[in-house]
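Below is one structure; the comments refer to it alone.
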Number of protein chains: 2
Amino acid sequence: MTQTAAIIGGGVIGGGWAARFLLNGWDVRVFDPDPEAARKIGDVLANARRSLPGLLDVALPPEGQLSFHDTIAEAVTGAIWIQESVPERLQIKHDSFAAIQRACDPRAVIGSSTSGFKPSQLQQNAQDRGQILVCHPFNPVYLLPLVEVVSTAQNPSELIETAKGILSRVGMHPLHLKKEIDAHVADRFLEAVWREALWLVKDGIATTEEIDDAIRYGFGIRWAQMGLFETYRVAGGEAGMKHFMAQFGPALQWPWTKLMDVPEFTEELVDLIAGQSDAQSGHHTIRELERIRDNNLVAMMRALKTQDWGAGALLGAQEKAIRQGSELGQTAGDIRDPAAPVLTVHRAVPLDWTDYNGHMNEAKYLQAFGDATDRFMELIGCDAAYIASGGSYFTAETHIRHIDEVNAGALIEIRTRVLGGGGKKMHLWHEMYEGARLLATGEHFLLHVSLETRRACDASPALDAALRRFADAQADLSPPDGAGRSIGAPR
Amino acid sequence: MTQTAAIIGGGVIGGGWAARFLLNGWDVRVFDPDPEAARKIGDVLANARRSLPGLLDVALPPEGQLSFHDTIAEAVTGAIWIQESVPERLQIKHDSFAAIQRACDPRAVIGSSTSGFKPSQLQQNAQDRGQILVCHPFNPVYLLPLVEVVSTAQNPSELIETAKGILSRVGMHPLHLKKEIDAHVADRFLEAVWREALWLVKDGIATTEEIDDAIRYGFGIRWAQMGLFETYRVAGGEAGMKHFMAQFGPALQWPWTKLMDVPEFTEELVDLIAGQSDAQSGHHTIRELERIRDNNLVAMMRALKTQDWGAGALLGAQEKAIRQGSELGQTAGDIRDPAAPVLTVHRAVPLDWTDYNGHMNEAKYLQAFGDATDRFMELIGCDAAYIASGGSYFTAETHIRHIDEVNAGALIEIRTRVLGGGGKKMHLWHEMYEGARLLATGEHFLLHVSLETRRACDASPALDAALRRFADAQADLSPPDGAGRSIGAPR
C-alpha cells in the first residue's frame, strides 16, 4: 500500500524531502503558506526527477501523488511521516508541532530538519514529546544519503527504530547520535571550516575560488569516500593510528587555526566574499550550478557503487532491498513458464550514461546488456558463490543493433531469451525496450570457463540443468528478428 | 629528453613524489638514509603503478629510471626538480637545503613538502633563498592533484612560473598562495576539523566511524566537486551569496564549535580513538585500505572527468597536453599513408574497468572501441565544432569478438581500419592489442545523422572526402579475419 508523508514547510529542504519521498513511491502532502511554494517545490522536484531515478541500477517504485494543502491539519491526514522544515525560530517550530499534533496519527514520526536546535528544545511543551525527533538532512536532500537522527530519553525506542527503518527505505543513512549537542555533528565541522575560510578571505591569504580548489583537489576527494579518521589511519601506515596521533597530536598547540577569534561579519567582508564568488562562479546560473552539482554527485556516487564503498554501498543496499520481492528477485524455481522471455533489467537511464549527443552512449547499451547477462547467470545459479567456487561465463562474442535512441531518465527494460545452451556454451538474446519501443537488441555468445585455468569447461550439472530448462523450453520458438545477422548483411 | 627529479627524504610523501615523477616519464634519484627507504618507496610505487597509469584516457610517457644514492650531492646531480620531504624540524630542513645547494644546478627548483613551515623560515640562511619554495602535496601524492605553492618576495617570478609549469605537466594543480601563513591553507581546515572531531569523540557524542559517516555520506561528496563557497552559493539559490551569508552569518555567534578550547591530548583520548578506529577499520590491513582508497579515488576522479569538472577537468587538460605532439594529436593531413591502420587509442586499462572476474569488463571493450571511433571521427573532421554545427555519426550496429583477457594496468592500443564509407555510411574495424597479443576486434556500422531531425543524411563534402580518402586507400586490402561474421557461424 502506498504510504504518505506530510511536508510542513517547503523551500529547498522541504522540497528535497518531498522529492525523495515522492520518487521512492510515497504520496506527499505539502503545507507551506508561501504562495510560491508550489513553484519552488516544482523546481526542486524537476532537479530530483532528472538525477535520482537513474542513481540505482534498478527502477524505483512508481512515483507517488503530490498534493498541496491549506492547513497543517489537512496536510498531516493519513501521514506516517511528518517532516518539519519551517524557519529556524523556536516559537515557529513549537507552534508547528502543536498544530501537527492536534491532527496527526499519534503513531506517526515527526522529524525536524533543524540544523541548530536540540531535540529537547523542540520537544518543550509538546503534547507528545516522544513523537518528535531531529532528522537533519543535507542539501540536495534527494541525493545525499546523510540524515542526523537525534533523539532524547522521551522518544520510545520503537519510534526511533521505525524512523530509522523508513529513512533507510527511502535511501538515506540515519546517523543516530547518542547525545544531543548544539548543531549536531556535521554542521559543527562546516562551521569550523567556514570560520577559518572567512579569516583566510578577510586576511587576503586566499580567494573563495582558491579555497574551493584547496578542498576539491585535495582532502575533499579523500573525505568523500573515507572521512577523517579512516583517512588518517591509512596515512599512519603500518605503524597504526597511535603512531599517527603521536605525530599529529602536538600540532594542536601550534597556531594553525584562528581558534580564539571570530571574524566580524561586516558589510565589507560580505561584499568581498560575494564579489569573489561572482568572479568564480558567476558565469553559471544557479540552475546550471545545481545541475552540474547533481551530475557530479550522481557520477561520483555511482563510481563508489562500482567499488561497493561509502555512499555507493548504501545505493547497493537499497537496490538489493528493491529487487527482493520484485520480479528481479526471483529464483529459477519461481519462474513457471521458462519459454517466456525473462525480465533481466528494469531501470532508469542514469545521468552519467549519456554523451555529447544527449542520448545514451553506445558503450552503455553493452553495460545494460552485460547487467542483463549477469542477472540471467544469477538466475540459473551462476551467482557470487558459484563464481567464488571457480567457475563463470566469459563473453566470447557480442552483436548489438542500435534501433532507436533513448535519453537520461527513461525507464528501460531488458527481456532475455536463450537461443541455445548447455555444456560450455550459452547463447543469449536481449531486447531493450522503453515501453513498447524497441531500442536495441544484443546477441551474446558466452563460454563457461574455469577461473583457475582460464579455459573453457563444462558448467556444473546443476547450472547446466537450469540453463537447459530455459534453452529447451525456448527451442521451438521462432528465432528473433536480427539473430545471427552479420554487419553489412541485407535486412 | 628525459628530465630528472631528485627526492630528498623518502617515506610516504617522498615516495609519492617519486612515483608521480617516474610514472610521468621522469628519471628519479633518491636520497634517504633510512635503510628501509628502497622498500618503503617500492611499496608506494607499487600502489601508484596499479592506480595512476589508467587514470587518464591516454597512455603516460614510458616510466623513467629510479635510482638510490648515498649522498644528497649525488642525488641532485642533473636534477631540475629537487623535492625535500625530510622530517618537520627546521634545523634538519636547513641542513638539507645547505647540502642541496652546495651541489645542485642553480636553476633547479627546490620544493619543500613541509606542511607547517612558512617559506621565509625555510629560506633563512640559505645560500640562494630564491631557489627554495613550499610545494606542499597531499597523500596519496601520485593521485591527488593539489599542491600548495607558497613563495616569498625572494623567489624570482620566473622560478615560480617554472615550478608551476612542471607541476602542471606531472598532473598536479599548483595552488599559488599570495601570502605565507602557518600551515598554508588546506591543513588549517584539516586542523579545525580534527580539533572538533577530537572533542566529539572525547565527549562521547560520536565515534570515529560515526564522524566518518557524517562526512562521507554528506558534505564530503559535495566538497569533492565544488568545495565550500560554490556549494554555499548553490544553497543560497536565486537570492545569491549575500542572502546566504545573511542567513548563515549570525551562526558565528552561536556555540556551534568548541572554539575557545583545545582538548588535552591524554593517553586516555589516544586509546579511545585508536580503539574506535580498530573497531571501524581493523578488519582491513593498511595495504588493503590503501588499495580501497586508491580504487575509490580513481573511480571518483574518472567520474568527474566524464563531467569535465573539478579534479576530472584537470585530468582532461593533462590528457590533451599528452595527446598534442603524439600520434593521437595528428590531423588527417599529417597522415601520409591512409592505407595503414590508424592508431586511435593508446592507454592503460584503468582500475575501474575491471570486474569481479579480475579482468576488463565486457562493456569497457565497447567503451574503448567507442573512444577509438570518436578519435577516428575527430581525425576526419567530425570534431566538436562539426557536431555543434548539427551533424554526427550514430552507431547502428556493433560486433565484438573477445579473443583474450586483459587486466587493469595493461597498456592497450587500438588500430582502426575503414571497411567502407561515404555518403551516410561509415564501416569501421578496430583491433585491440596488448603488445602483439590481439585482445578483441570491433566491427561497427555507423550512419551520419542530422542532430536536428535525428535522421540519416549525407556527411558534409569535406567530411565525406576525408573519409573516402581512407576508405579508397584501404579498399583493396584483404578483409580482416572475422569481419562480416555473425554469431554462431563457423570460424
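Below, chains carry the letters A, B, ... as their sequence lines are ordered, and counting in each starts from 1.
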Which atoms of [X] come close to chain B, meaning under 4.5 Å heavy atom to heavy atom: side chain ones, backbone ones, both, or neither?
X: A:Leu175; result: side chain
X: A:Leu200; result: side chain
X: A:Met301; result: side chain
X: A:Val449; result: neither

Which of [options] touches chain A most, by non-hydrogen pairs under 4.5 Å:
options: B:Leu304, B:Leu143, B:Ile221; answer: B:Ile221
options: B:Gly442, B:Pro140, B:Gly420, B:Gly310; answer: B:Gly310
options: B:His444, B:His284, B:His399, B:Glu443; answer: B:His399
options: B:Glu148, B:Glu290, B:Gln280, B:Glu230; answer: B:Glu230
options: B:Ile286, B:Val201, B:Thr285, B:Asp43; answer: B:Ile286
options: B:Gly227, B:Ala224, B:Gly312; answer: B:Ala224

Exercise for the section: Assess whether side-chain hydrogen bond (donor to acceptor under 3.5 Å, both in side chains) is satisfied between B:Arg233 and A:Ser277, documenting all intermediate values. Expected result: CA-CA 8 Å; B:Arg233 184 183 181 91; A:Ser277 173; 2.7 Å; yes

Practice task
Just say parallel, tilted or perpendicular for the rings of A:Phe219 and B:Trp223, cut-offs at 30° and 60°.
Solution key: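 If you compare the ring of A:Phe219 with that of B:Trp223, the planes turn out perpendicular.
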
Practice task
Decide yes or no for B:Met226 and A:Arg216: does some side-chain heavy atom of the first lie under 4.5 Å from some side-chain heavy atom of the second?
Solution key: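 No. Closest side-chain heavy atoms not under 4.5 Å.
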
Practice task
Report yes if some heavy atom in the side chain of B:Phe229 is under 4.5 Å from a heavy atom in the side chain of A:Glu209; otherwise report no.
Solution key: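 A side-chain contact is absent here, since even the closest heavy-atom pair is not under 4.5 Å.
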
Problem - Given A:Asn296, A:Ile292, A:Leu297, the one that forms side chain to side chain contact (heavy atoms under 4.5 Å, CB included) with B:Gln307 - result: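 So, applying the side chain to side chain contact (heavy atoms under 4.5 Å, CB included) to B:Gln307 and each of A:Asn296, A:Ile292, A:Leu297, only A:Asn296 qualifies.
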
For chain B, which candidate among [options] shows the most heavy-atom pairs at distances under 4.5 Å?
options: A:Thr373, A:Val193, A:Asp271; value: A:Val193
options: A:Ala384, A:Gly370, A:Ala214; value: A:Ala214
options: A:Leu419, A:Ile211, A:Val12; value: A:Ile211
options: A:Asp352, A:Leu314, A:Asp371; value: A:Leu314
options: A:Ala483, A:Gly484, A:Ser281, A:Ala368; value: A:Ser281
options: A:Leu177, A:Asp213, A:Val147; value: A:Asp213

Practice task
Verify, without hydrogens or angle tests, whether B:Lys179 (side chain) and A:Ala206 (backbone) share a donor-acceptor contact under 3.5 angstrom.
Solution key: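 Such a contact is absent between B:Lys179 side chain and A:Ala206 backbone.
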
Which atom of [X] lies closest to which atom of [Y], heavy atoms considered:
X: B:Asp212; Y: A:Leu228; answer: OD1-N, 2.8 Å
X: A:Tyr217; Y: B:Ala311; answer: CE2-N, 3.5 Å
X: A:Ile487; Y: B:His427; answer: CG2-NE2, 3.6 Å
X: B:Arg222; Y: A:Asn139; answer: NH1-O, 2.8 Å
X: A:Ala299; Y: B:Ala303; answer: O-CB, 3.3 Å
X: A:His402; Y: B:Glu397; answer: CD2-N, 4.2 Å

Exercise for the section: For side-chain contact (heavy atoms from CB on, under 4.5 Å), just list the numbers for A:Phe369 and B:Glu362, CA-CA rounded to whole Å, side-chain angles, deciding distance to a tenth of an Å, and then say yes or no. Expected result: CA-CA 10 Å; A:Phe369 286 140; B:Glu362 59 175 317; over 6 Å; no

Could you state the interatomic distance from [atom1] ([X]) to [atom2] ([Y]), rounded to the nearest 0.5 Å?
X: A:Arg401; Y: B:Thr395; atom1: CZ; atom2: OG1; answer: 15.0 Å
X: A:Ile215; Y: B:Leu190; atom1: CD1; atom2: CG; answer: 9.5 Å
X: B:Met300; Y: A:Gln225; atom1: CE; atom2: CD; answer: 5.0 Å
X: B:Ile400; Y: A:Ile400; atom1: CD1; atom2: CD1; answer: 5.5 Å
X: A:Asn361; Y: B:Gln367; atom1: CG; atom2: CD; answer: 6.0 Å

Exercise for the section: Kindly determine whether A:Trp199 and B:Arg188 satisfy side-chain contact (heavy atoms from CB on, under 4.5 Å), including the steps that lead there. Expected result: CA-CA 11 Å; A:Trp199 274 120; B:Arg188 297 178 72 87; over 6 Å; no

Handout entry: A:Glu210 vs B:His176, side-chain hydrogen bond (donor to acceptor under 3.5 Å, both in side chains): CA-CA, chis, key distance, verdict
Key = CA-CA 9 Å; A:Glu210 288 165 344; B:His176 186 201; over 6 Å; no

Problem - Within the 6.0 Å centroid threshold, strictly below: B:Trp194 and A:Phe189 - result: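 No.
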
